[in-house]
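Below: one structure, written as structure tokens.
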2 protein chains.
Amino acid sequence: MRDDDIANTMRALGHPVRLEIMRILAKQQGQCCCADVTDSLPLAQSTVSQHIKVLLDAGLIERKPHGTRNRYIIQHDRLAELGTAFGGLLQGLVPAPVHTEAETA
Amino acid sequence: MRDDDIANTMRALGHPVRLEIMRILAKQQGQCCCADVTDSLPLAQSTVSQHIKVLLDAGLIERKPHGTRNRYIIQHDRLAELGTAFGGLLQGLVPAPVHTEAETA
DNA sequence: CCGCAATATCGGTGAATTGCGATAGAACAT
DNA sequence: ATGTTCTATCGCAATTCACCGATATTGCGG
């Protein structure tokens with residue numbers, strides 16, 4: 001994952017409403033449509049749809065048409081990918097690459 | 001960590017330049033001032049200072065005046081905190097809370 | 001005291017984000 | 001076909017972001 005990609009994905013998660021949407025989607029496990037999300041939030045349907053689009057563009061969820069509704073499925077692969085990238089980032093930020101105690105000249 | 005807090009911190013990291021700044025700071029380990037960062041990036045000093053401010057406000061780094069310069073230190077505690085929060089988030093997004101195999105009625 | 005170097009902050013510009021209501025289109029039931 | 005429901009998309013306004021150059025501040029050396 002490139003920095004750009006990490007940054008984009010993190011920014012997609014960098015909004016309380018979108019965090020909440022992810023949780024709502026998780027709770028309903030693939031049986032969740034836009035209206036369900038809207039009902040759970042104090043926001044207009046268009047606004048929710050926008051937030052969903054951001055998550056879609058980041059690859060964090062996937063749209064699956066189902067009759068007149070659309071179901072949204074969390075992409076756990078993608079989340080895991082981000083988790084790994086984030087872990088790698090933390091790793092790279094770690095204080096000191098001390099090799100051996102005896103090596104401290 | 002509240003959602004707001006998680007979102008803010010993630011958004012602070014949600015920019016490639018700021019990721020890079022974090023890496024630069026890590027590499028120089030506390031001996032790094034604003035000019036050093038600016039020299040490593042194709043951006044104006046004021047822009048770099050702005051990005052640093054974002055990281056400061058998110059608590060991801062700390063300023064430590066040192067003569068006419070300012071040194072910036074990565075707050076590993078804060079990073080770890082975010083890591084934990086992010087892990088918890090992933091946990092909460094996990095597909096199914098299956099208790100036992102025998103329980104699958 | 002005077003200039004210099006480092007840096008934060010101000011003012012401005014253009015782009016992106018966040019929110020809304022209104023609208024268009026698809027699928028369905030009647 | 002017609003109306004209903006669900007949802008994406010289109011303006012639109014307000015806000016924030018990203019970037020810049022210019023400026024003010026602060027500490028240091030002469």
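So that the names make sense, note that chain A is the first sequence line, chain B the second, and so on, each numbered from 1.
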Is there a side-chain polar atom (N or O) of B/H15 under 4.0 Å from OP1 or OP2 of D/dC19? yes

Under 4.0 Å between a side-chain N or O of A/H51 and OP1 or OP2 of C/dG19? yes

Please pick, from [options], the nucleotide with the shortest atom-to-atom distance to any side-chain atom of [X].
{"X": "A/T68", "options": "C/dT18, C/dA27, C/dC20", "value": "C/dA27"}
{"X": "A/R11", "options": "C/dC20, C/dT17, D/dC20", "value": "C/dT17"}
{"X": "A/S46", "options": "C/dG19, C/dG21, D/dG27", "value": "C/dG21"}
{"X": "B/R18", "options": "D/dA18, C/dT9, D/dT7", "value": "D/dA18"}
{"X": "B/Q45", "options": "D/dA22, C/dT17, D/dC19", "value": "D/dA22"}
{"X": "A/A35", "options": "D/dT7, D/dA18, C/dG19", "value": "D/dT7"}

Starting from the 5' end of DNA chain C, give me the residue, A/V54 or A/H66, whose nearest nucleotide shows up first. A/V54

Given DNA chain C, 5'-ward residue of the pair A/G67 and A/A44, judged by closest heavy atom: A/A44

Going by an N to O cut-off under 4.0 Å, is there a salt bridge joining A/R18 and B/D3? no

Can you tell whether the side chains of B/D36 and B/K27 come within less than 4.0 Å, N to carboxylate O? no

Rounding to an integer number of Å, can you tell me how far [X] [atom1] sits from [N] [atom2]?
{"X": "B/L41", "N": "C/dT7", "atom1": "CG", "atom2": "P", "answer": "14 Å"}
{"X": "A/I61", "N": "D/dT7", "atom1": "CD1", "atom2": "C1'", "answer": "13 Å"}
{"X": "A/R69", "N": "D/dT4", "atom1": "CZ", "atom2": "C1'", "answer": "12 Å"}
{"X": "B/R63", "N": "C/dA6", "atom1": "CZ", "atom2": "C1'", "answer": "12 Å"}
{"X": "B/L43", "N": "D/dA18", "atom1": "CG", "atom2": "C1'", "answer": "9 Å"}
{"X": "A/K53", "N": "C/dT17", "atom1": "NZ", "atom2": "C1'", "answer": "14 Å"}
{"X": "A/Q31", "N": "D/dC6", "atom1": "CD", "atom2": "P", "answer": "16 Å"}
{"X": "B/Q50", "N": "C/dT9", "atom1": "CD", "atom2": "P", "answer": "9 Å"}

Working to the nearest 0.5 Å, report the span between SG of A/C34 and CD of A/Q45. 5.0 Å

Rounded distance [0.5 Å steps], CD in A/E20 versus NE2 in A/H51: 12.0 Å

Once you apply a heavy-atom cut-off of 4.0 Å, does A/I52 come out as touching a base, just sugar-phosphate, or nothing? nothing

B/R71 near the nucleic acid: base, sugar-phosphate alone, or nothing, with a heavy-atom cut-off under 4.0 Å? nothing

With the side chain counted from C-beta on, respond yes when A/R2 and A/D4 share a heavy-atom pair under 4.5 Å apart, and no when they do not. yes

